[in-house]
Each structure stands twice: as structure tokens, then as C-alpha cells.
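Contents: one structure, followed by commentary.
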Number of protein chains: 2
Amino acid sequence: MPNIEEIAKICKVSKTTVSRVLNNHPYVSEEKRRKISSVIKELDYTPNSLARNLRTNKTYTLAISVPSIDHSFFGQLIKGISNEAFVQGYKVLICQTFYDKQNELKVMNLLRNNEIDGVILGTLENEWTVIEPHLKYGPILLCNEYHEKASLPIICYDEFEAGYKAVRHLIEKGHKKIGFCYDTSYSQAQRQRKEGFLKALAESNLQTRNEWTFDRAFNIEDGFRIFNEINKLNEKPTALFTGNDQVAAGIIKKAIVNGYEIPEDLAVIGYDNQLLCQVTTPTITTIGIPIIELGIQSVLKIIQYIRGNEGVKREIIRLSTKLIVREST
Amino acid sequence: MPNIEEIAKICKVSKTTVSRVLNNHPYVSEEKRRKISSVIKELDYTPNSLARNLRTNKTYTLAISVPSIDHSFFGQLIKGISNEAFVQGYKVLICQTFYDKQNELKVMNLLRNNEIDGVILGTLENEWTVIEPHLKYGPILLCNEYHEKASLPIICYDEFEAGYKAVRHLIEKGHKKIGFCYDTSYSQAQRQRKEGFLKALAESNLQTRNEWTFDRAFNIEDGFRIFNEINKLNEKPTALFTGNDQVAAGIIKKAIVNGYEIPEDLAVIGYDNQLLCQVTTPTITTIGIPIIELGIQSVLKIIQYIRGNEGVKREIIRLSTKLIVREST
DNA sequence: CTGAAAGCGCTAACAC
DNA sequence: GTGTTAGCGCTTTCAG
């Protein structure tokens with residue numbers, strides 16, 4: 001494998017001059033530039049990224065941390081992030097936390113060891129005080145999650161409004177007993193969603209119940225489980241804001257198999273507007289969210305900090321969501 | 001940020017000794033080892049990976065190339081790969097080809113520029129002659145795809161058997177007019193699946209038709225599109241092997257909305273055994289495949305080549321699949 | 001416009 | 001057991 005010195009020797013110039021050509025620097029005579037370029041092509045030479053990275057102290061790599069990639073919301077988010085990152089000349093490292101604090105710290109260590117230039121957190125497992133010290137190693141950004149105090153850029157959905165809209169819709173459909181599902185109840189984004197939910201209930205003098213609130217609702221199987229829990233209740237909710245289309249699909253399917261009429265016996269509203277909503281029977285009412293845009297904005301923002309070489313500061317971008325009514329409500 | 005020299009100075013030893021402690025080499029006195037360890041901890045020092053990588057010419061990073069991450073099969077595959085890679089001390093870079101030859105070459109360039117130690121190809125866009133020259137830069141492995149000649153490790157499903165089993169099942173259900181969907185018809189894995197399909201038909205003296213074969217069948221929307229094409233045919237198939245659960249779900253949903261009885265008017269069999277199969281109405285008959293195992297085996301195999309520092313050679317591992325019967329057939 | 005020289009932070013012969 | 005030395009391959013002052 002040829003290196004820059006070999007190219008320099010063949011062209012009878014210094015490594016510096018070759019480097020200038022490689023990096024499109026000015027002040028190289030047209031003649032030499034041509035010669036060097038042709039030798040580079042001939043020998044099929046490409047610069048060693050490792051050496052470059054060490055020298056410039058940049059990796060052009062971003063890490064994206066998510067609970068689990070195996071979920072269509074995060075799949076789409078990563079797709080959006082990955083595409084935009086590639087356009088901007090960055091690579092993307094995937095890190096899954098599986099809701100584990102230690103795994104999240106491993107991502108932080110990548111930043112510390114100079115393996116990546118920045119981190120996009122698509123979930124937040126640790127306390128902010130644990131994350132904060134890592135800011136000195138490079139920019140960190142919160143995406144799809146919220147924190148009330150953390151001093152970093154936050155790009156998220158308007159969760160409060162989403163929760164509010166969903167429940168307003170259910171109330172308008174005549175429901176008075178409405179339940180809620182958390183992905184994880186320690187997520188502040190989910191807490192805000194719940195606030196919106198509660199606000200809408202309060203405005204109509206309605207209340208929810210503890211036993212109508214479910215935690216760890218992430219995928220279809222969680223939906224199966226949650227339906228079973230609901231089905232055992234004496235006083236059942238008549239409507240449910242699941243916070244997630246997969247969970248909605250699981251609940252709906254199990255309900256139908258158990259003889260429920262949807263939405264008459266149980267109205268269900270999802271979140272994300274995945275294609276899944278269109279193939280179930282009944283189709284699923286949901287909250288539509290701009291996933292790709294969330295990804296793009298996150299990438300642009302973190303690259304801005306990387307390029308600017310500046311410490312991140314708190315700034316909040318809230319993307320708005322929209323209610324999409326289908327057959328399940 | 002402290003470096004190895006600083007640690008050495010404080011401990012009044014050479015960088016070498018510090019390096020030995022860092023890498024758990026023997027021949028360091030217990031006393032110095034303790035002293036150095038404690039200073040490392042105190043200063044919160046971690047070695048710069050970039051420098052290490054340059055020196056050792058290793059990155060401990062694998063790239064996984066897939067058409068699009070935004071698909072539950074590839075999401076699960078990446079999950080399996082990513083988990084096992086982390087266990088083995090490797091990071092995973094995600095690369096999406098979007099079925100584009102150029103994007104696949106970008107992955108190859110990562111290998112050439114020393115940005116990764118090996119590549120797992122979850123799809124194959126270019127001719128083998130285009131890929132082959134890159135083998136000199138590091139190990140490449142084919143996963144979930146097949147090639148009749150390529151001299152590299154191939155870990156795939158027994159596609160022939162899967163196609164055969166699926167069609168046998170449809171024939172036993174009384175079907176004589178059976179259609180087929182390709183993800184991409186240039187995929188040799190898919191071709192093998194088709195061979196199995198044809199073998200089963202031939203054994204029963206049945207034939208398929210060109211207009212019952214559909215290409216670019218990847219997701220739910222493709223399923224919608226394909227149903228519309230079927231619905232326009234004069235002579236329609238009565239059963240379909242879609243090669244993909246999403247496509248199956250899309251076809252089934254559109255069929256039901258258009259008044260078809262499933263499976264009476266149209267039997268549909270998917271592939272992958274995603275959870276999606278369990279929430280549609282009717283539930284979807286499919287081919288169950290060991291996705292996580294495919295990922296794990298791929299990682300173990302490529303790491304074996306990386307560690308052994310040897311050129312890859314052709315070897316084929318075929319994982320077997322199983323028919324899972326539900327309501328759609 | 002061009003090149004010499006220094007050095008990013010680390011590891012690994014090799015000598016003692 | 002330990003330290004000296006020489007790079008890995010590149011970019012970037014700085015001097016000419």
C-alpha cells in the first residue's frame with residue numbers, strides 16, 4: 001500500500017506538496033498538481049484516514065445512541081441521521097443502550113477516547129450530572145428526548161401538545177375513562193406528553209387512574225401484555241393513548257381476538273404514524289411526527305458545534321406533530 | 001487532556017512502562033503498576049484511540065452494509081451484529097446502499113482508507129469483479145446474500161429450501177396458480193429462493209407466469225402497489241409467495257379493503273416471521289429465519305479473519321428456515 | 001510556490 | 001524489569 005512519501009518520491013516533490021494536492025490547497029503549480037494527481041490515480045493511492053485523524057484530531061464520525069435499533073421509530077430516525085451525516089461527510093456509529101446506564105456511558109467513552117467527534121443521544125438513561133462532565137470531550141446533543149435543566153441542544157417533538165391533542169380527540173369521541181402508556185416513565189419527554197394528556201383531561205373535569213397507566217410499552221409484545229392487564233381490570237378504560245404504534249397494534253389485535261369491538265369497546269391511539277397503522281384492521285389513529293426532519297436537524301446542529309469547535313449551550317427546538325385519525329378511535 | 005507522557009513524567013517512569021500497564025503486559029513491577037494505575041485513575045486518563053489505531057493499524061470497527069436500515073429485517077440483523085460486535089470489542093458503522101452501486105463502493109473505500117477492519121455485506125449491488133479487488137484491504141463477508149463464485153465467506157439462509165417449502169405448503173392447500181415476489185431480482189439469494197419455488201411447482205406439474213412475478217418488493221407500500229397490479233390481471237394468481245412480511249401485510253390489507261377473502265381468494269405467505277405477522281387480520285403465514293444467529297455468525301467469522309490476518313476464502317454456511325403456518329394460507 | 005522539520009499519541013524492537 | 005529510540009502516515013508551521 002503506497003503512502004504519501006512514495007507518491008512524493010515518484011513525483012520528485014516533498015510530502016508537503018502532495019499533501020497540498022490531496023487537500024486542494026492553493027499554491028501548487030498547475031504542472032505539479034497534474035503530475036501528482038496522475039500518479040495518485042495510477043497507484044490507486046488514498047490517504048490513510050487513521051494518520052489524518054490523529055494529526056487533525058478529527059474522526060468525522062458521529063455516534064447515535066438509541067435504546068434499540070430494532071424498532072421502526074429508531075430505525076427511521078437513524079436512517080434520517082445517517083443520510084444527512086453522509087451528505088455532510090460524516091460516518092455514523094450505532095450504539096444501543098437497551099435502557100442500561102452502563103451502555104450509555106460506553107458511548108461517552110467513545111467521545112473521550114477521540115473515537116468520535118460528537119454524540120447524538122436519542123434516549124437518556126443516566127442522570128444529567130453523570131453525562132455533563134463528558135461535554136468537555138466534545139458536543140453532545142439530545143434528540144427525541146427532553147431535559148428540563150441540561151445545558152445542551154435539545155431537538156424534540158412538542159410532546160405536551162401531542163399528548164393534549166390526542167386526548168382532546170378521545171374526549172370529543174365521548175370517552176371519559178382514558179389510559180396512558182409510557183415507553184419509560186423516567187423519560188422527561190414522556191412526562192411532558194403525560195402533562196398534555198392530564199391538561200386535556202382536567203379541562204373536561206376528567207381524571208385518569210393509576211391502574212390505567214402502563215410502563216415499559218415499547219413494542220408489539222408489550223401491547224399484548226398491556227391488553228392482558230387491561231382485560232383483568234374491574235373498571236376498564238374505554239380509550240388508551242399508547243404513545244407508540246407497535247403497542248397500539250398489539251393491544252388492538254389481542255382485543256379483537258378477545259371479542260372486543262374497536263373502537264366501540266376500546267379506542268386506541270398510537271404515536272409515530274408508522275406504515276403499520278395502515279395494515280392493521282382496524283387501521284390505527286395516531287400522532288404523525290417528522291422523524292426524518294428530527295434526524296436532519298440533529299445532525300446539522302451537532303456538526304455546527306463540531307465545526308465551530310465551541311462548547312454546546314442549551315437551546316431547544318420543538319418540532320410539531322399532527323393528529324391522524326383512522327379507524328381505531 | 002493528559003497523555004501517556006504526562007502520566008510517565010508524574011510516575012517518573014518511561015512511556016513504555018505506562019504503555020505496558022495500559023495493555024496489561026507482564027514484566028512490570030507490582031509497585032510501579034500500582035502507582036501508574038492510581039495516577040491514571042486520578043487524572044482520569046484514557047489512551048487516545050486515534051494514536052493507538054494508527055500505531056497498530058487496527059480500528060476495531062466493522063462496517064455493515066444494508067439496502068436501508070429502515071426495515072425490520074435489517075434492523076434486527078444489525079441489532080444481532082451490533083450486539084455481538086460489542087461483546088467482541090468492535091464498533092459498528094452503518095452503511096446504507098439504497099440499492100446503489102456507488103454507495104456500496106463508498107463502504108469499500110472505508111476499508112481501503114483504514115477506517116474499518118472489515119466489511120459485512122448484507123446486500124450485493126456491484127458485480128463481484130468490482131468488489132474482489134478490495135479484498136486486499138481487509139476481509140469482506142457476505143451475509144444474507146449469496147454468490148455462486150465469489151471467493152469469500154458466505155453466511156446465508158437455505159433459500160432454495162425456503163422457497164421449496166413455502167410453495168409445497170401452498171400446493172398442499174390446493175393452489176395451482178402461484179406468484180412470486182423478488183426484493184431485487186439481481187440478488188442471487190432471491191434467485192435461489194425462486195429455484196426452490198420452481199422446483200416445487202415442477203414436481204406437481206405446475207407452472208407460474210411472468211405476470212405473476214413482481215420485482216422490487218421490499219415494504220408495505222410495495223405490497224399495496226403489487227396488489228393493485230394483481231387486481232388488474234385477467235388471470236390472477238390464487239396464492240403468492242411474497243418473500244417479505246411487510247409486502248405480505250400490504251397485499252393482504254389492500255385485498256381485504258377490496259373485498260377479497262383471505263386466504264380463500266388469495267393465499268399469501270411472507271418471509272422473516274416479524275411480529276407484524278401476528279397483528280394483522282388475518283395473521284400471516286411466513287418463513288421463520290434465525291436473524292440474530294445470522295448476525296452473530298457473521299461477526300464471529302469476520303473477526304476470525306481479522307484476528308488471523310489472513311485472506312478470506314470461500315466457505316458457505318447455510319442456516320435453515322422453517323415454515324410457520326397462520327391464517328393467511 | 002516549495003520543502004524541511006516537527007510532531008499528533010501511542011506501541012514495539014532492542015538493548016541494558 | 002525498564003528505558004531508549006524509532007517510527008505509524010499524515011498535516012502544518014515556518015523559512016526560503
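Sequence lines set the chain letters: A, B, ... in the order given, protein chains first and strands last, and positions in each chain run from 1.
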Whole-Å distance separating the CG atom of N3(A) from the P atom of dC8(D): 8 Å
R52(B) vs dT11(C): side-chain N/O to OP1/OP2 distance below 4.0 Å: yes
Atom pair distance, as rounded to whole Å: NZ in K58(B) and C1' in dT11(C): 13 Å
OP1 or OP2 of dT2(D) under 4.0 Å from side-chain N/O of K32(B): yes
Near-strand residues of residues 34-48 of chain A, defined as heavy-atom separation under 4.0 angstrom from DNA chain C: none
Flag, side chain of T61(B) to backbone of T59(B), donor-acceptor distance under 3.5 Å: yes
Separation of atom CG in L54(B) from atom P in dG9(C), rounded to whole Å: 12 Å
Qualifying salt bridge (charged side-chain N to carboxylate O under 4.0 Å, His left out) pairs with a residue from residues 81-109 of chain B, counting only residues at least two apart or across chains: E115(A)-K91(B)
Backbone N/O of K15(B) and side chain of S19(B): donor-acceptor pair under 3.5 Å: no
Side chain to side chain donor-acceptor pair (under 3.5 Å) assessment of Q96(A) paired with N83(B): CA-CA 8 Å; Q96(A) 300 176 90; N83(B) 290 358; 3.2 Å; yes
F218(B)/Y99(B) aromatic ring centres below 6.0 Å: yes
Interatomic distance, N57(B) CG vs dG9(C) C1' [rounded to whole Å]: 16 Å
Whole-Å gap separating P (dC8(C)) and CG (N113(A)): 19 Å
Pair N113(A)-T46(B), side-chain donor/acceptor within less than 3.5 Å: yes
Within residues 16-31 of chain A: residues closer than 4.0 Å to DNA chain D (heavy atoms): T16(A), S19(A), N23(A)
Spacing between R55(B) atom CZ and dG9(D) atom P, to the nearest angstrom: 10 Å
Distance-only side-chain donor-acceptor flag, E125(B) / Y186(B), under 3.5 Å: yes
Separation of atom CD in E115(A) from atom P in dC10(C), rounded to whole Å: 13 Å
Between C1' of dG1(D) and NZ of K12(B), the distance in whole Å: 19 Å
E315(B) side-chain N/O to I154(B) backbone N/O, donor-acceptor pair under 3.5 Å: no
Whether D117(A) side chain and Y60(A) backbone form a donor-acceptor pair below 3.5 Å: yes
